[in-house]
Structure formats: structure tokens, C-alpha cells
> 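Would you mind keeping the following structure in view while I ask a few things?
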Amino acid sequence: MALDILTKDKIKVQDQVPDWSQAITEAAQPLLEQDYIEIGYIDAMIDSVKEFGPYIVIAPEIAIAHARPEDNVNKVGLSLLKLNESINFAEDSHYASLIFVLSATDNTSHLNVLQSLAGLLGNKEVVNQLLASKNSDEIIEIIKEND
């Protein structure tokens, strides 16, 4: 039930975005608007990918954007941008359509959320259902059925 924090108001479905940094920005907007994170957290996530490469793409079509908690996170949160057209996080590689943003207040408070998310995304059938979903209601239903 750790994925209960991924509520309908933290899920966005869009056709496409111009680039990976915009994907992270769009995915993080619900957390920013609901005061889970500060704008600096979005910058830190983008800077992290610029510095370390597309490590946030954890599997085909799945990215989990995050950064160190520091001062830019107010509470543990999870949001999702589901794109109908994949975005690449590197030169013609590391494509993702499911861009999650995880905010953590320290090094441990988010681990149960991450563990539940990993369990969910480790199921190829669930991932295919999420990729085929058309709106946030469908996504919530898929997660509830499999959490």
C-alpha cells in the first residue's frame, strides 16, 4: 500500500514532450504544486542526469527521476508522467514513457515506496498495462489491482 501516495492528482498523461529535461519537469509539476518539493529539486534532478548520464532509466520505458533530499524536499512523494510517445534520455537510447519522480526527505523514508514501485514495475504485464493506459483513472486502477 506504499503506492497509495501516487494519487490521481499526481499523475499526468501527455502525448509527448520536446526532450528529457522537460519530461522530468512535467513529471515533477504535481509535487511542486502540492508543496512536496521546491523548484531546486527539479533542477537537481536534471543536473544529476547531465552529470551522471541516463541512470534514471531503470528498464525499457521506465525512468525514476530523483535527487538528493537536501533542502528542496518537504515530504516523501511520488508522481508520474505517462507519455504516449517515448522520450530518449541519451543519444538514441534509454527511452522512457513512464517517468516517475520520487521525492525523499532523507536516505530511508522513501525506501518502502521504492520497494513497492520496484515490485510493481518488475511485472512486465503491469508495465504493458501502464504503457497502454489512456488516463490517470486507468493508471490508478492498474496500480490498485497490483499493489
Side-chain angles (χ1 to χ4, degrees), residues 1-49 52 54-89 94-147:
M1 300 323 280
L3 295 181
D4 285 350
I5 66 169
L6 183 60
T7 51
K8 186 176 169 182
D9 59 348
K10 292 184 194 74
I11 298 171
K12 296 173 79 173
V13 178
Q14 291 180 208
D15 280 335
Q16 61 188 41
V17 291
D19 57 41
W20 64 264
S21 62
Q22 189 63 35
I24 291 173
T25 302
E26 290 289 326
Q29 280 308 305
L31 296 180
L32 181 65
E33 291 166 6
Q34 295 175 40
D35 204 34
Y36 281 74
I37 61 172
E38 305 296 329
I39 192 79
Y41 191 70
I42 297 172
D43 297 335
M45 288 187 290
I46 291 169
D47 290 345
S48 189
V49 173
F52 301 113
Y55 72 98
I56 67 169
V57 180
I58 61 160
E61 297 298 340
I62 303 167
I64 302 177
H66 57 283
R68 295 197 171 280
E70 291 163 11
D71 298 327
N72 293 307
V73 177
N74 301 320
K75 49 189 165 178
V76 174
L78 184 66
S79 60
L80 169 63
L81 171 65
K82 189 267 181 182
L83 296 172
N84 294 325
E85 187 177 307
S86 298
I87 193 75
N88 64 324
F89 281 77
H94 295 82
Y95 286 87
S97 296
L98 301 171
I99 297 95
F100 291 88
V101 169
L102 178 64
S103 62
T105 53
D106 56 39
N107 290 331
T108 58
S109 60
H110 65 291
L111 293 179
N112 61 340
V113 174
L114 195 55
Q115 185 176 18
S116 293
L117 188 59
L120 183 79
L121 299 175
N123 183 329
K124 200 169 212 145
E125 185 179 318
V126 171
V127 171
N128 287 335
Q129 290 174 359
L130 290 171
L131 291 170
S133 64
K134 302 286 184 236
N135 57 52
S136 56
D137 288 324
E138 285 182 30
I139 292 169
I140 291 291
E141 195 58 38
I142 294 163
I143 291 170
K144 279 184 180 169
E145 288 173 3
N146 295 282
D147 188 18

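We use all heavy atoms of the structure for the numbers below, so side chains are in, but hydrogens, waters and symmetry mates are not.
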> Using only atom types and a distance under 3.5 Å, with no angle test, would you say the side chain of Ser79 pairs donor to acceptor with the backbone of Ala27?
yes
> Does any part of the side chain of Asp15, heavy atoms only, come nearer than 4.5 Å to the side chain of Glu85, both counted from C-beta?
no
> Contact between Asn146 and Gln129 at the side-chain level, heavy atoms closer than 4.5 Å - yes or no?
yes
> Give, for atom CG of Leu102 and atom NE2 of His110, the distance between the pair rounded to the nearest 0.5 Å.
5.5 Å
> Could you grab the distance from atom CD1 of Ile58 to atom CG of Leu117, nearest 0.5 Å is fine?
6.5 Å
> Side chains of Leu121 and Val126: closer than 4.5 Å at any heavy-atom pair?
no
> Any side-chain heavy atom of Asn72 sitting closer than 4.5 Å to one from Ile37?
no
> Which atom names give the shortest non-hydrogen contact between Ile46 and Ser21, and what distance separates them?
CD1-O, 3.7 Å
> Hey, which of Ile56, Asp19, Ile87 is the one that makes side chain to side chain contact (heavy atoms under 4.5 Å, CB included) with Ile24?
Ile56
> Does any N or O in the side chain of Lys82 come within less than 3.5 Å of the main-chain N or O of Leu131, such that one atom is a donor and the other an acceptor?
yes
> Hey, is CD on Gln14 packed in by over 12 heavy atoms from elsewhere, all under 6.0 Å?
yes
> Return yes when atom CD of Glu145 has more than 12 non-hydrogen atoms of other residues, nucleotides or ligands closer than 6.0 Å, and no otherwise.
yes
> Provide the closest heavy-atom pair for Pro30 versus Glu26 in the form atom of the first, atom of the second, distance.
CD-O, 3.7 Å
> When rounded to the nearest 0.5 angstrom, what is the spacing between CD1 in Ile5 and CG in Leu78?
5.0 Å
> Ignoring hydrogens, what is the shortest heavy-atom contact between Ala28 and Ile42? Give both atom names and the distance.
CB-CG1, 3.6 Å
> Determine whether a donor-acceptor pair (N or O, by modelled atom type, separation under 3.5 Å) exists between the side chain of Thr105 and the backbone of Val73.
no
> Is a side-chain N or O of Gln22 found less than 3.5 angstrom from the main chain of Pro18, in a donor-acceptor match?
no
> Looking at every non-hydrogen atom in both residues, tell me the closest pair between Leu31 and Ser103 and how far apart they are.
CD1-OG, 4.2 Å
> Is there a donor-acceptor pair closer than 3.5 Å between any side-chain N or O of Ser48 and the backbone N or O of Ala44?
no
> Got more than 12 heavy atoms from elsewhere within 6.0 Å of CG, Asn107?
no
> Look up atom CD in Gln34 and atom CG in Asn74, then write down how far apart they are to the nearest 0.5 Å.
12.0 Å
> Can you tell me how far CD1 of Ile143 sits from NZ of Lys8, rounded to the nearest 0.5 angstrom?
13.0 Å
> Does a side-chain heavy-atom distance below 4.5 Å link Tyr36 with Lys10?
yes
> Testing the basics here: between His66 and Tyr41, what is the closest heavy-atom pair and its distance to 0.1 Å?
CA-OH, 3.5 Å
> To the nearest 0.5 angstrom, please state how far the CG atom of Leu3 sits from the CG atom of Asn112.
9.0 Å
> Restricting to non-hydrogen atoms, name the atom on Ile39 and the atom on Leu32 that form the minimum distance, rounded to 0.1 Å.
N-CD1, 3.5 Å
> For the residue pair Val13 and Ile139, establish whether any side-chain heavy-atom pair is separated by less than 4.5 Å.
yes
> Any side-chain heavy atom of Tyr95 within less than 4.5 Å of one from Asn88?
yes
